[in-house]
Amino acid sequence: MAEEKALTPRSEDFSAWYNGVVQRSELAGYSPVRGCMVIRPHGYAIWELMQRALDEMFKATGHQNAYFPLFVPESFLKKEAEHVEGFAPEIALVTRGGGKELEEPLVIRPTSEAIIWPIMADWIQSYRDLPMLINQWANIVRWEMRTRPFLRTLEFLWQEGHTAHATWDDAQRETLLILGLYRKFMEEWMAMPPVTGIKTEWDKFAGADRTYACEAMMQDNWALQAGTSHNLGQNFARAFDVKYQTEEGEHEYVWSTSWGVSTRLVGGLVMTHSDDLGLVLPPKLAPIQVVIVPIWKSEDEKVRVLEAGAQLKSTLEGEIRVKFDDRDTLNPGAKYYEWEEKGVPIRLEIGPKDLEKRQVMAVLRSSADAKRRKLPIPAGDVAARVPDLLDQMQQGLLDAALRRREESSYRGVTDYEEFKKIMSTGGGFIYTGYCGAEECETKVKDDTKATIRVVPDEDFGSETVPDTCICGGAAQHEVVWARAY
RNA sequence: CGGGGCGUGGCGCAGUCCGGUAGCGCGCCUGCUUUGGGAGCAGGAGGUCCCCGGUUCGAAUCCGGGCGCCCCGACCA
């Protein structure tokens with residue numbers, strides 16, 4: 001019985017395991033449309049918690065939300081040369097509407113620069129209007145060839161920030177501010193610590209001067225690009241004629257940025273923490289943080305246990321997202337499996353024996369051997385202990401993720417044979433010196449499937465960087481290599 | 001777009017080779033008994049067998065064509 005219901009083990013087939021976790025925990029389902037997914041209530045609830053946390057960070061740093069159209073006139077997209085070129089292959093185009101052929105086809109936004117800048121251009125007149133700090137929560141469409149739930153779908157949800165500044169320095173400061181917020185969010189909320197850094201010239205966002213990214217390591221040692229922040233320079237300002245009048249009365253192009261994270265983060269969350277029992281969620285992003293499961297035999301016990309459970313729920317409610325699972329159609333064991341599969345951090349069992357001892361039995365989801373690790377808590381202490389336990393679990397997940405990342409990080413690699421050996425036996429993040437040539441990366445990619453993720457920021461760079469590249473040439477700076485989603 | 005797999009009740013599958021009018025497990029509904037790690041028994045509902053055409057007395061099964069989805073690669077957040 002238990003055998004049949006078990007997930008494909010993570011160690012056996014990571015991809016099948018991932019799909020299984022997503023399906024079984026009811027985060028998402030497939031749809032009648034190829035490459036599109038349905039985000040189910042449990043998955044959407046996680047996204048809402050992410051949205052709330054990020055939105056507060058954006059607002060606290062002076063950003064405002066707005067909403068721009070889904071449709072972008074095709075001609076708008078074509079105004080920034082690199083931008084069109086970059087997105088051309090993945091564009092979905094509407095050519096008919098109201099039963100008629102449209103005069104000008106409408107692109108379904110793959111990102112909103114091309115519709116936002118013509119509009120923001122009108123909002124920006126004077127240096128007094130700057131900086132202009134706008135964010136929008138939206139869906140976008142990119143026609144990908146190969147899709148996977150949350151990680152890559154034709155349509156996905158994200159936030160995209162778009163800001164305008166008076167100077168390059170201001171735009172750069174904004175770009176790094178957001179990169180920092182993303183990092184903070186991923187560490188403190190997701191317990192998914194990223195390596196941050198700058199992308200190579202050829203890996204930049206189409207139309208950007210500089211692209212920074214957060215790269216997180218998944219449990220299969222692949223990298224997930226989890227957030228990007230771009231300094232767009234004056235490229236879009238020139239393309240869309242976004243000028244402001246300076247204090248001296250001169251007309252200047254603004255300097256702009258854009259940045260985003262998407263529902264891909266949910267996939268990252270799954271691949272960072274989950275195990276063979278199913279989803280594991282960091283408490284801060286768990287839609288249900290505590291589930292109370294009552295246990296009874298006789299009718300009399302049922303009455304008493306249900307009352308105690310309801311009371312326990314009301315004690316925790318308010319501070320904690322708590323669910324009292326009082327269904328009488330499932331036995332307790334079935335409920336345990338269900339909530340473990342869905343990643344609920346703490347289960348509180350309450351039965352006749354607990355009532356007798358004036359206690360509840362807590363079981364923590366993050367411990368791999370959940371079945372054996374029961375922790376009795378005196379009834380009077382539950383309200384105080386639960387928040388502490390949640391905090392400890394949150395920290396424990398971050399510590400574990402950091403440990404995994406460091407265990408699979410290799411610094412100062414200079415020998416290409418060693419590099420290939422690491423990539424072919426488990427993989428990970430490999431820090432090396434780099435000559436700067438695109439062909440060098442291409443060869444490595446052909447040989448090992450690994451690519452340059454970023455030039456690491458100061459916080460992540462090695463103390464000493466080899467002066468030779470793995471190709472044997474002279475190194476200009478350090479890079480981080482990994483196989484990536 | 002290449003390679004592979006698959007399309008049969010809500011889900012997972014058997015049946016296809018060798019044609020005879022559809023079955024199993026899970027889930028769902030009703031009732032009773034259960035409940036400290038995926039409950040038991042009894043009864044019940046639910047299917048254009050992906051689509052179109054052909055062969056045949058007869059097609060889930062054979063033949064031809066089409067469509068779709070999943071997985072693995074090349075491109076990408």
Side-chain angles (χ1 to χ4, degrees), chain A residues 1-6 8 13-16 18-20 23-24 26 29-36 86-91 110-111 140-160 182 199 203 205-206 211 213-216 223-230 258-268 277-278 293-299 301-302 305-306 325-341 347 349-357 360-361 363 369-374 376 445-446 449 451 453 484-485:
Chain A
M1 183 70 81
E3 293 277 312
E4 286 169 27
K5 297 190 175 183
T8 302
D13 182 341
F14 196 83
S15 179
Y18 172 80
N19 289 329
Q23 299 295 319
R24 294 275 288 278
E26 296 183 353
Y30 294 109
S31 82
V33 184
R34 178 195 80 86
C36 292
F87 282 105
E90 35 193 281
I91 287 303
T111 178
I140 60 176
V141 167
R142 296 181 185 177
W143 215 264
E144 302 290 350
M145 303 197 186
R146 182 151 138 51
T147 58
R148 307 181 54 154
F150 289 112
L151 303 177
R152 177 164 298 103
T153 47
L154 297 198
E155 179 193 4
F156 58 95
L157 306 182
W158 77 343
Q159 61 63 218
E160 47 182 321
Y182 285 163
K199 289 284 186 184
D203 199 20
F205 173 74
T211 287
C214 295
E215 297 280 340
L224 181 75
Q225 183 172 308
T228 49
S229 185
H230 318 286
S258 72
W259 28 274
V261 294
S262 72
T263 38
R264 177 179 246 203
L265 290 177
V266 178
L277 291 176
V293 178
I295 299 156
W296 66 78
K297 280 195 171 72
S298 66
E299 197 59 26
E301 284 172 353
K302 178 176 176 182
V305 161
L306 285 180
D325 187 353
D326 58 358
R327 290 175 292 178
D328 60 5
T329 49
L330 293 178
N331 69 22
K335 293 178 184 177
Y336 301 166
Y337 280 101
E338 180 174 331
W339 296 116
E340 279 166 1
E341 200 160 64
R347 174 173 75 244
E349 303 174 9
I350 179 163
K353 292 178 203 164
D354 301 303
L355 289 185
E356 217 170 282
K357 296 183 198 164
V360 300
M361 202 60 88
V363 183
D369 50 349
K371 294 185 183 183
R372 270 151 289 162
R373 296 188 58 184
K374 302 203 173 188
K445 186 179 180 183
D446 289 345
K449 286 196 263 183
T451 53
R453 302 322 304 156
Y485 280 96

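Chain A is the first sequence line, chain B the second, and so forth, proteins listed ahead of strands; every chain is numbered from 1.
- To the nearest 0.5 Å, the span separating OG1 on Thr111(A) from NE2 on His230(A) amounts to 7.5 Å.
- In this structure, Asp354(A) reaches the bases: a heavy-atom distance under 4.0 Å links it to at least one base atom across the strands shown.
- As judged by a 4.0 angstrom heavy-atom cut-off over every strand, Phe156(A) is placed among the base-contacting residues.
- Between Glu26(A) atom CD and G27(B) atom C1' the separation is 12 Å, expressed in whole Å.
- Atom NZ in Lys353(A) sits roughly 10 Å away from atom P in G36(B) (whole-Å rounding).
- Among the nucleotides C75(B), U35(B), G37(B), the one closest to any side-chain atom of Tyr337(A) is G37(B).
- Across U35(B), G36(B), G37(B), the shortest atom-to-atom separation from the side chain of Trp296(A) is found for U35(B).
- In this structure, the NZ atom of Lys335(A) is 13 Å from the C1' atom of G37(B), given to the nearest Å.
- At the heavy-atom level, Pro89(A) lies nowhere under 4.0 Å from the strands shown.
- No contact: Thr263(A) has no heavy atom under 4.0 Å from any strand.
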- Query: Would you write out the dot-bracket form of RNA chain B, 5' to 3', with Watson-Crick and G-U pairs under 3.5 Å, [ ] for crossing pairs, | for pairs to other strands and . for unpaired bases?
  - Reply: ((((((((.[[[[.)....(..]]]].((((((.....)))))).....[[[[[..)....]]]]])))))))....
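- For Met145(A) and G3(B), the CE to P distance is 16 Å, given to the nearest whole Å.
- Ser15(A) comes within 4.0 angstrom of the backbone, heavy atoms only, and of no base.
- Residue contacts for Lys445(A): at a heavy-atom cut-off of 4.0 Å it reaches the sugar-phosphate backbone alone, with no base atom in range.
- Tyr336(A) places its OH atom 7 Å from the C1' atom of G37(B), with the value rounded to the nearest Å.
- In this structure, of C72(B), G36(B), A74(B), it is A74(B) that holds the atom nearest to the side chain of Lys449(A).
- Closest to the Glu144(A) side chain, of the nucleotides C72(B), G36(B), C75(B), is C75(B).
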